[in-house]
2 protein chains.
Amino acid sequence: MTVDAFTVLAEPSRRRILDRLRRAESSVGELVDALGMSQPAVSKHLRVLRDAGLVTCRTAAQRRIYRVDVAPLRAVDDWLGPYRSMWTAHLDALERHLDSQE
Amino acid sequence: MTVDAFTVLAEPSRRRILDRLRRAESSVGELVDALGMSQPAVSKHLRVLRDAGLVTCRTAAQRRIYRVDVAPLRAVDDWLGPYRSMWTAHLDALERHLDSQE
DNA sequence: CAGGCATATAACTGGTAAGGCATATTGCGA
DNA sequence: TCGCAATATGCCTTACCAGTTATATGCCTG
């Protein structure tokens, strides 16, 4: 886990990879087909994701099957926490305002 | 809002700026003192944050007072949503497991 | 054990972004 | 209006990152 999740998630392609793996684990080749990227590009992104602990992989014959590991995302969610309460606070205020209009 | 929030948040300094503005709006000079960075560096980060809609600023005499706008963070939170439910699912499973151990 | 698949890595390239210093801009007070 | 204070911007250098092509590694099958 050399780099933090924020840095890794900055790349749209990596978020797409995660979004696909979230629905079903898959091999590198399947990701290549799904994302329309070259195989080395996909492998490199997977390397970064692995180093950040966001994916794990297991070997199945010649294939490597990748799956998501959400653990590092909790750091992102934790950072986001205070901000989330800010916009829910705003929503609450809006609701109160609307209520008072009736 | 030229760039997306993910890219902007990848920079640790920018997250620190947001974290400070979240507690209290402040001027550029106050941020410079608080973060121990050069004034141009801070101004540049604020520019990026502004372009992404993450902060707004108002003019007060010679100062510019910056404050957080959480709206763009909702995109991040939305993306995170499905993953969050993944780890709460895991937590639920763990709880059931621990319960069954009693 | 040879050949072919699937995946990883190396070397290179172009683009981009951050930080530093110097300077421009803007608003204010004397 | 002059000059100062606060902030923004330009320019330059450096570092890093994504993507490409070519090649290496590992594993199965005939």
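Treat the numbers as computed from the prediction; the structure is a model and nothing was measured. Below, chains carry the letters A, B, ... as their sequence lines are ordered, and counting in each starts from 1.
Here A:Arg14 pairs with A:His45 under the side-chain hydrogen bond (donor to acceptor under 3.5 Å, both in side chains) rule; sequence neighbours left out. B:Asp77 meets the side-chain hydrogen bond (donor to acceptor under 3.5 Å, both in side chains) test with A:Arg84, B:Arg84; sequence neighbours excluded.
Two residues are said to be in side-chain contact when any heavy atoms from C-beta on lie closer than 4.5 Å; A:Leu49 and A:Tyr66 fail this criterion. In this structure, B:Ser43 and B:Val28 have side chains that are in contact, with non-hydrogen atoms separated by less than 4.5 Å. Here the side chains of A:Asp51 and A:Val48 are not in contact, with every heavy-atom distance at 4.5 Å or above. Here the side chains of A:Asp4 and A:Thr7 are in contact, with some heavy-atom distance below 4.5 Å. In this structure, the side chains of A:Trp79 and B:Leu73 come closer than 4.5 Å at one or more pairs of heavy atoms.
Between A:Arg74 and A:Asp78, no side-chain nitrogen of the basic residue sits less than 4.0 Å from a carboxylate oxygen of the acidic one, so the salt-bridge criterion is not met.
In this structure, OG1 on A:Thr88 lies 14.5 Å from OH on A:Tyr83, to the nearest 0.5 angstrom. Put simply, OG1 on A:Thr56 and CG on A:Leu21 are 9.5 Å apart, with the number rounded to the nearest 0.5 Å.
One finds no side-chain N or O of A:Arg47 lying less than 4.0 angstrom from the OP1 or OP2 phosphate oxygen of C:dA8. Side-chain nitrogen and oxygen atoms of B:Thr59 include none within less than 4.0 Å of the OP1 or OP2 phosphate oxygen of C:dG27.
Helix-axis bend for the helix from C:dC1-D:dG30 to C:dA30-D:dT1: the local axis fitted to the five terminal pairs at one end deviates from that at the other end by 10°, rounded to 10°.
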Write down the protein N/O and nucleotide N/O pairs, taken from nucleotides 17-22 of chain C, whose separation is under 3.5 Å; answer none if there are no such pairs.
| from | atom 1 | to | atom 2 | distance (Å) |
| --- | --- | --- | --- | --- |
| C:dA18 | OP1 | B:Arg14 | NH1 | 3.0 |
| C:dA18 | OP1 | B:Arg14 | NH2 | 2.7 |
| C:dG19 | OP2 | B:His45 | NE2 | 2.7 |
| C:dG20 | OP2 | B:Ser38 | OG | 3.3 |
| C:dG20 | O6 | B:Lys44 | NZ | 2.1 |

Between protein and nucleic acid, restricted to nucleotides 28-30 of chain C and to nitrogen or oxygen atoms under 3.5 Å apart, what atom pairs and distances do you find?
none

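Bounding nucleotides for the chain A contact on DNA chain D, 5' to 3', at a heavy-atom distance below 4.0 Å, are D:dA18 to D:dC28.
Few gaps surround CZ on A:Arg22; more than 12 heavy atoms of other groups in view lie less than 6.0 Å from it.
When all heavy atoms of A:Leu18 and A:Val68 are compared, the pair lying nearest together is O-CG2, 3.8 Å.
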